[in-house]
Amino acid sequence: MKWLVLRAFNTLTGRKEEVDLPKDRPVRIYVCGITPYSSTHLGHARPAVFWDTVAKYLEYRGNEVYMVQNVTDVNEKVWTRSQLEGVGEKELARRYNREYEDVLEDLGITTIDEYPWVSDHIDEIIDMVEALIEQGHAYQVDEDVFFDVSTFERYGQLSGQSPDELVAGARVEVDERKKHPADFALWKSPTENQPSWPSPWGQGRPGWHIECSAMAIKFLGFGFDFHGGGTDLIFPHHENEIAQSEAYADDSPFVRCWIHHGMITGEDGKMSKSLGNFVTADELLSEYRPEVVRHFLLSAHYSTPLKYSEEIMKKSQRAFDRLISCVQSLDQLLDSNPEEDVPLADSEAEEVYAVADEMKREFCSAMDDDFNTARALAALFGGVRKVNGFINTPDFALSADVKQALADVKDQLEICSRILGVWPEKGILQDDAGPDTVGLESEAQQELVQLLIEVRQEAREKKLWGIADKIRDGLAELNIRLEDTPQGTRVRSTREG
RNA sequence: GGCGGCGUAGCCAAGUGGUAAGGCGGGGGUCUGCAAAACCCUUAUUCGGCGGUUCGAAUCCGCCCGUCGCCUCCA
C-alpha cells in the first residue's frame with residue numbers, strides 16, 4: 001500500500017495542513033482526559049473513541065503511537081464534590097476514574113499508554129513554576145503564583161483573541177492582585193482544608209493548565225505531534241498551556257497539530273451536568289452494544305457537534321446489524337464447499353477483489369483526510385453493499401476462486417471495522433443471550449435453539465407451516481430471530497445491548 | 001459585545017473549483033410456503049439568503065440571517 005499524505009485541521013493555524021508522521025519514533029499524542037468528579041457521560045466517550053480510532057489507524061498505517069491521557073484529580077470540582085459526599089478528594093477521584101476506565105474498556109479502547117495523575121506530578125509542576133518565575137514569566141503574590149501574560153507575545157494565538165479582547169467580555173470579576181486581568185494562576189494557596197503540597201511559596205495546590213504542560217512535556221517531550229481536546233478547552237485551557245510551555249522552553253511550537261472535537265449535544269444544547277441533559281456512558285452501554293455506541297460517535301466528523309437522540313442510536317443499531325448480517329453471509333459461504341466448473345470464475349473473483357481494494361482505498365483516503373470517520377464508515381458500508389449485491393445475484397456461484405476472493409473481502413472488512421471498533425468482537429448469539437433471555441446458560445441455549453431449528457426444518461419439509469411458524473414466532477418473542485436462506489436457517493439475536 | 005465552528009432531501013451525513021456519496025425513512029419490484037434479511041429501481045435541477053470572483057461555485061471572497069461553542073477550573 002502506498003500511503004499518501006495525512007492531512008489534519010490544526011486549530012492553531014485554522015487550516016487543514018499536511019502532517020509529516022515521524023518514521024524513526026512513535027507518533028506522540030496527548031489528549032485531555034477527565035476530571036473525575038462525576039459519572040462518565042457520552043461527552044467523555046467521544047474523544048476516547050475518536051483518538052482510539054486515530055491511534056489504531058496510524059498503527060495500521062505503520063506508525064507506532066505513544067498516547068497519553070491525563071487524569072485531573074486535583075481540582076476545585078473534585079474538591080467540592082468530595083465535600084458534598086463526605087469523602088476525601090483522592091478517594092472520590094479514584095472512584096470516578098475507575099468508572100471511566102471501565103467505560104473505556106467496554107468501548108474497546110486499547111491504545112492509551114499512560115494515564116498520569118496530577119497528584120503524582122506535583123514535583124514536576126513545582127519545578128516548572130519555579131523556572132517560569134526565574135525566567136520572568138511568572139510572579140508571586142502572597143502565596144499564589146501567576147503567569148504574566150504580557151511576557152508572552154503570542155498569547156491569544158490559539159483562540160484568535162488578544163488578551164484585552166478576552167478580558168472585555170469576561171463574566172468573572174478579576175483578582176485585583178493580578179498585573180493583567182488575563183494572567184492566570186500557576187500555583188495557589190488552598191482554601192479551607194483542601195489537600196495541599198509544600199512549595200517554595202507555601203502550602204498550596206497547582207492551578208489549572210499547568211499540570212497538562214508538566215505532564216505532556218514529561219511523557220512526550222516538547223514539540224510533540226498531536227494534542228487533542230474539546231472545543232470548549234481552546235480557551236483558556238489550551239491557550240494557557242501553550243503560553244506557559246513555550247515560555248518555559250523558550251521554543252515553539254509546543255504542539256505540532258492541535259485537534260479539537262465538537263461537543264455532544266442533547267435536545268437543548270451541549271450535554272453537561274449543569275443542564276441535566278446528559279446521558280451516562282453506562283446507561284447507553286446497558287442498552288446498546290459498544291460497537292453501536294462507537295458507530296454513533298464516529299458517524300459524524302470529529303469537528304462537528306453531534307446530537308444525541310434515541311432515534312439516532314436506532315440508526316446506528318441498524319447499521320451494525322447490516323454489517324453483522326453481511327459477515328454472517330460471508331461466513332456461511334466460506335464454510336461451504338465451492339462448486340466446480342463455474343463459468344467466468346476468474347472474472348467474478350477479480351470483481352470481488354476490486355470491491356475489497358476500492359473499499360480499503362476509500363477508507364484510507366477518508367482517514368488521511370482529517371480523520372474523516374464518517375467517510376470511512378461510508379466506505380465500509382459501501383463495501384458491505386457491494387458484497388451483498390454480489391452474493392445475491394441470481395446466477396451467483398461459489399467457485400474456489402470466488403471463495404478465496406470473498407475471504408479477502410472479509411479480511412478487509414474486518415481490518416477496517418476493527419480500526420473503527422465496529423467489528424462484532426463478541427459472538428452475536430452466544431454473548432447476547434444472557435440468563436434473562438431464556439433462563440439458560442448460553443451453550444445449553446444454543447443447543448436448544450439448534451434442536452428447535454431442526455424440528456422446524458422437518459415441519460417445513462412436511463409443509464406443516466403452522467408448527468414451523470409457531471417455533472419462529474415463539475423464538476422471536478425471546479429475541480431470537482430465524483431467517484431462512486438458501487444456505488439454511490440463520491439464527492440472529494435481536495436483543496440490543 | 002468579541003472570537004471560532006456549523007448551516008447540503010422528511011431525518012442523519014459526505015462532498016473544499018469541473019456539474020450533488022452513503023445511510024435511515026417513504027414508494028415500487030425481486031427472492032420466500034409466508035416472513036425476515038438481502039438485492040434492484042425510485043425519492044435534492046440544487047447545497048441558509050443576497051451579491052462578487054471564475055469558462056465553471058455547495059466549494060473561493062464580502063455582507064446578512066440562523067445555530068452551536070468559548071470568553072466561567074467543562075470532553
Side-chain angles (χ1 to χ4, degrees), chain A residues 9 11 14 16 31-35 37 40-48 50 72 74-80 156 158-162 164-173 182 184-185 188 207-209 228-237 239-240 260-265 269-274 296 299-301 303-307 309 311-312 314-316 318-319 321-322 324-326 328-329 362 366 369 372 374-382 384-385 387-394 460 463-465 468-469 472-473 476 481-486 490 492 494:
Chain A
F9 184 89
T11 310
K16 225 188 261 188
V31 181
C32 275
I34 57 154
T35 301
Y37 74 100
T40 303
H41 62 72
L42 257 181
H44 301 120
R46 186 180 201 185
F50 169 68
T72 307
V74 180
N75 170 291
E76 299 305 313
K77 286 198 167 175
V78 183
W79 169 251
T80 307
L158 187 70
S159 54
Q161 303 216 88
S162 71
D164 293 331
E165 285 171 328
L166 286 163
V167 170
R171 287 173 274 170
V172 211
E173 46 196 286
F184 55 93
K188 53 210 226 181
W208 191 31
H209 323 306
T231 53
D232 55 348
L233 293 179
I234 294 171
F235 187 89
H237 186 53
E239 190 72 71
N240 293 351
H260 288 98
H261 61 264
M263 300 291 104
I264 304 271
T265 58
K270 177 179 164 185
M271 194 172 276
S272 74
K273 299 185 179 142
S274 46
F296 161 65
S299 64
H301 186 257
S303 67
T304 63
L306 181 58
K307 201 181 335 174
S309 69
E311 195 190 345
I312 201 142
K314 296 266 183 286
K315 287 179 184 171
S316 286
R318 296 198 62 141
D321 288 345
R322 217 172 131 72
I324 290 173
S325 178
C326 179
Q328 285 180 328
S329 301
E362 174 52 24
D369 183 13
N372 196 327
R375 243 180 81 196
L377 236 18
L380 179 70
F381 284 90
V384 167
R385 193 181 90 254
V387 168
N388 282 333
F390 184 82
I391 63 185
N392 274 292
T393 47
R460 290 180 72 211
K463 300 197 191 300
L464 301 171
W465 309 123
D469 291 349
R472 187 173 64 196
D473 295 345
R481 188 164 67 204
L482 300 186
E483 296 170 3
D484 301 318
T485 74
R490 183 198 291 169
R492 297 196 49 198
T494 51

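We name chains A, B, ... by the order of the sequence lines, and we start the count at 1 in each one.
If you check every strand for non-hydrogen atoms under 4.0 Å, K77(A) touches sugar and phosphate atoms only. Residue H301(A) is classed as a sugar-phosphate contact, given heavy-atom separations below 4.0 Å to backbone atoms only. Heavy atoms of G156(A) sit nowhere under 4.0 angstrom from any nucleic acid atom. Residue contacts for R46(A): at a heavy-atom cut-off of 4.0 Å it reaches no nucleic acid atom on any strand shown. Using a 4.0 Å heavy-atom cutoff across all strands shown, N388(A) reaches sugar-phosphate atoms only and no base atom. Counting non-hydrogen atoms under 4.0 angstrom, F235(A) reaches the backbone sugars and phosphates but no base. Using a 4.0 Å heavy-atom criterion, one finds that A319(A) contacts no nucleic acid atom at all. Nucleic acid contact class of I312(A) (heavy atoms, under 4.0 Å, all strands): sugar-phosphate only.
For the pair T231(A) and A75(B), the criterion of a side-chain N or O lying under 4.0 Å from OP1 or OP2 is not met. OP1 or OP2 of G15(B) lies within a sub-4.0 Å distance of a side-chain N or O belonging to N372(A). Distances shorter than 4.0 Å separate some side-chain N or O of R322(A) from OP1 or OP2 on C39(B).
For R481(A), whose side chain is taken as the heavy atoms from C-beta onward, the closest listed nucleotide among A36(B), C12(B), A75(B) is A36(B). Across G33(B), C71(B), A75(B), the shortest atom-to-atom separation from the side chain of I264(A) is found for A75(B). In the set A36(B), G33(B), A75(B), the nucleotide with an atom closest to the side chain of E483(A) is A36(B). Among the nucleotides A75(B), C71(B), A35(B), the one closest to the side chain of I34(A) is A75(B). Proximity note for D232(A) (side chain, C-beta onward) versus C74(B), C3(B), G33(B): the nearest is C74(B). Of the listed nucleotides (G25(B), C3(B), A75(B)), A75(B) has the atom at the smallest distance from the side chain of M263(A). When distances run from any side-chain atom of A300(A) to the nucleotides C24(B), G33(B), A14(B), the shortest one goes to A14(B).
Across A57(B) and C47(B), the matching P atoms stand 12 Å from one another, rounded to whole Å. The gap from the C1' atom of G25(B) to that of C12(B) amounts to 11 Å, rounded to the nearest Å. Across A13(B) and G17(B), the matching C1' atoms stand 22 Å from one another, rounded to whole Å. Rounded to whole Å, the separation between the C1' atoms of G49(B) and A35(B) comes to 50 Å. The gap from the P atom of G33(B) to that of A21(B) amounts to 37 Å, rounded to the nearest Å. The gap from the C1' atom of G10(B) to that of C3(B) amounts to 35 Å, rounded to the nearest Å. To the nearest whole angstrom, the two C1' atoms, one in U30(B) and one in C6(B), are 42 Å apart. Only the C1' atoms considered, U16(B) is 5 Å distant from U59(B), to the nearest whole Å.
With a 3.5 Å ceiling on both atom-pair distances, the Watson-Crick or G-U wobble partner of U67(B) is G5(B). The nucleotide A20(B) finds no pairing partner, because no Watson-Crick or G-U wobble arrangement with both distances shorter than 3.5 Å includes it. Across the strands present, A58(B) finds no partner; the criterion is a Watson-Crick or G-U wobble pair with both atom distances under 3.5 angstrom.
Two residues are said to be in side-chain contact when any heavy atoms from C-beta on lie closer than 4.5 Å; H41(A) and I264(A) fail this criterion. Within the 4.5 Å cutoff, the side chain of R385(A) has heavy atoms near those of the R322(A) side chain. Taking the side chain as every heavy atom from C-beta outward, D369(A) and K16(A) approach each other to under 4.5 Å. Looking at D232(A) and M263(A), their side chains come closer than 4.5 Å, going by heavy atoms from C-beta outward.
Residue-to-nucleotide contacts include no donor-acceptor pair under 3.5 Å from the side chain of R385(A) to the base of C40(B). Between the side chain of R472(A) and the base of A35(B) there is at least one donor-acceptor pair of N/O atoms closer than 3.5 Å.
Here W465(A) counts as stacked on G33(B): its ring centre is under 5.5 angstrom from the base ring centre and the planes meet at under 30°.
For the pair H261(A) (side chain) and G229(A) (backbone), a donor-acceptor distance under 3.5 Å is present.
For L482(A) and F9(A), each mapped to the nucleotide of RNA chain B holding its nearest heavy atom, the one lying further toward the 5' end belongs to F9(A). Annotation: of the two residues near RNA chain B, G389(A) and A379(A), the 5′-most nearest-nucleotide partner is A379(A).
Electrostatic pairing of D321(A) and R318(A) does not count as a salt bridge here, judged by no charged N lying under 4.0 Å from a carboxylate O.
Across L306(A) and S299(A), no two heavy atoms sit closer than the pair CD1-OG, 4.3 Å.
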